[in-house]
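Report on one structure; see the data block that follows.
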Amino acid sequence: MKALQMVDLKGQYQHIKAEIDEAVLSVVQSCAYINGPEVKAFEEELEEYLGVKHVIPCANGTDALQITLMAMGFKPGDEVITASFTYIATAEAIALLGLVPVLVDVEPDTMNIDPDAIEAAISDKTVAIMPVHLFGQCANMDRIMEISKKHNLRVIEDTAQAVSASYTFNDGTKKMAGSIGDAGTTSFFPSKNLGCFGDGGAIFTNDDELAQSIAMVANHGQSKRYYHDRIGVNSRLDSMQAAILRIKLRHLNEYSEARQKAAAYYDNAFKNSEFITAPVRNPNSSHVFHQYTLKLDKVDRQELINHLSDKGVPSMIYYPVAIHEQKAFKKVKHRVGDLSNTEKLTIQVLSLPMHTEHTDDTLEYITSSVLEFLNKKILI
Ligand SMILES: *Cc1c(COP(=O)(O)O)cnc(C)c1O
């Protein structure tokens with residue numbers, strides 16, 4: 001068996017090599033490296049796929065968050081509610097603009113932001129809710145949209161881990177992750193579900209006016225060349241990445257199915273273990289498994305990681321430190337309610353290799369390596 005990896009980018013590339021190589025060469029030969037026709041075509045294809053009116057590409061997923069917050073015109077001191085159990089970028093974009101990240105707890109089962117905690121954190125300074133669709137499934141968007149309407153708040157969905165997931169509202173309406181709130185953001189970092197061969201990101205919205213502001217902020221605040229109406233940034237997706245993403249987008253549903261198949265294999269292997277809780281599904285959301293993240297109970301996590309590592313099985317802790325416990329955020333004023341679910345998760349979670357190239361052999365090897373450790377542990 002070839003060496004196991006958390007994400008098998010090489011295996012995925014081998015399957016689409018001919019298409020990718022041709023597309024890359026064609027961009028090289030076109031010399032339209034920035035804002036070329038590939039970027040426009042990708043924009044339109046992603047709009048179609050997500051069912052949104054506007055896709056505005058940018059340089060990465062962190063920029064996507066920052067640009068969206070800038071375009072919404074929030075002022076320093078305004079509060080944005082987000083989960084403390086997430087990748088740093090979500091809270092970083094808020095803090096960087098002088099806004100106040102209000103970090104709240106997640107649900108212990110889905111690991112997504114807890115709507116009750118959002119409601120409890122709302123103050124007269126709250127301007128937005130930024131749910132993160134963590135590990136590939138949507139947060140409780142029924143409740144989040146309800147809360148946002150009641151309190152007149154903007155909703156920005158951090159969809160960096162959940163592009164291609166869909167959410168079915170209690171009334172039966174179905175929408176793609178990232179197309180539900182005022183805006184959705186994503187990252188095309190290579191290991192994301194829709195990844196390019198470098199950095200990239202995008203913002204989605206159905207709001208014409210907001211789309212215009214976002215495009216302006218991403219392009220030095222200019223509406224017309226050399227006429228700058230506001231302070232912006234320089235954040236672009238280059239043509240080469242767009243060409244690669246156009247190809248990968250055509251395979252995205254098939255990639256999500258491959259991830260779901262691997263997840264089902266893991267689920268089945270672990271279903272009788274009292275030490276493992278497999279990822280709990282939100283019944284309103286599909287799950288596209290950016291990560292397959294276990295919750296461990298009564299297991300020495302570091303010992304398990306070492307055991308797996310000895311067997312050549314990589315594993316990762318997403319995330320070992322919650323945002324409210326990060327050194328950088330100690331001085332950033334934020335109200336901390338009860339974050340015990342988050343704190344417990346940071347010591348319980350472990351993610352196993354998840355990508356589009358698993359075979360029954362790799363999955364069998366990984367799961368039996370995990371179970372071997374747990375069985376041994378029972379004997380002790
Ligand atoms: C990856 C990620 C980002 C940031 O994306 P970059 O392209 O690396 O800037 C933001 N939020 C979440 C939840 C992510 O997983």
Side-chain angles (χ1 to χ4, degrees), residues 6-7 9 42 46 55-70 80-97 99 101 103-104 106 110-113 128-139 141 144 155-165 177-178 180-181 183-204 218 233-238 241-242 244-245 248 259 279 285 287-293 316-324 326 328-329 342 345-346 349 351 354-355:
M6 282 304 283
V7 182
L9 291 177
F42 172 61
L46 190 56
V55 164
I56 302 102
C58 63
N60 58 66
T62 310
D63 274 9
L65 291 162
Q66 185 188 326
I67 291 164
T68 305
L69 290 167
M70 288 173 75
V80 179
I81 299 173
T82 194
S84 194
F85 192 58
T86 178
Y87 182 57
I88 194 76
T90 320
E92 201 171 33
I94 301 169
L96 201 60
L97 296 174
L99 310 175
L103 304 167
V104 302
V106 292
T110 65
M111 309 187 208
N112 267 323
I113 194 164
I129 308 170
M130 201 185 263
V132 182
H133 301 313
L134 200 69
F135 300 149
Q137 75 176 337
C138 294
M141 294 309 290
I144 291 169
V155 174
I156 303 150
E157 304 169 69
D158 184 342
T159 317
Q161 302 187 1
V163 168
S164 93
I180 302 166
T185 65
T186 201
S187 162
F188 302 125
F189 186 79
S191 65
K192 305 281 163 145
N193 294 41
L194 177 60
C196 60
F197 289 5
D199 275 308
I203 303 151
F204 327 131
V233 296
N234 171 27
S235 189
R236 295 185 284 243
L237 179 75
D238 65 69
Q241 304 307 340
I244 290 162
L245 286 164
K248 289 241 208 159
R259 289 170 178 275
S285 177
H287 199 321
V288 294
F289 291 97
H290 176 60
Q291 298 297 343
Y292 185 90
T293 303
M316 292 289 279
I317 301 168
Y318 301 114
Y319 298 93
V321 183
I323 309 288
H324 70 278
Q326 295 287 356
F329 281 78
T342 296
L345 285 173
T346 58
V349 289
S351 299
M354 174 50 81
H355 51 75

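Counting starts at 1 for both ligands and their atoms, in listed order. All residue numbers in this chain count up from 1 along the given sequence.
Between D63 and ligand 1, no N or O atom pair is found at a separation short of 3.5 Å. Between G61 and ligand 1, at least one pair of N/O atoms sits closer than 3.5 Å.
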- Item | Verdict with supporting geometry, F188 and F42, ring-ring contact (aromatic ring centres under 6.0 Å, His included) | CA-CA 13 Å; F188 302 125; F42 172 61; 5.5 Å; yes

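With rounding to the nearest 0.5 Å, the separation of CD1 in I113 from OG1 in T342 is 9.0 Å. Between T159 atom OG1 and L65 atom CG the span is 9.0 Å, to the nearest 0.5 Å. For the atom pair OH (Y292) and NE2 (H287), the distance works out to 9.0 Å, reported to the nearest 0.5 Å. Note that CG of N112 and CZ of F135 are 9.0 Å apart. Values are rounded to the nearest 0.5 Å. Distance check: C58 SG to D63 CG gives 5.5 Å after rounding to the nearest 0.5 Å.
Close approach to N60 involves these atoms of ligand 1, each under 4.0 Å from a residue heavy atom: 7 (O), 9 (O). Using a 4.0 Å cut-off to heavy atoms of V132, the atoms of ligand 1 that qualify are 13 (C).
Among L134, T62, D158, the residue whose heavy atom sits closest to atom 11 (N) of ligand 1 is D158.
When hydrogens are left out, the protein atom nearest atom 14 (C) of ligand 1 is K192 NZ, 3.0 Å; that is the closest non-hydrogen contact. Ranking the protein heavy atoms by distance from atom 8 (O) of ligand 1 puts S187 OG, 4.1 Å first.
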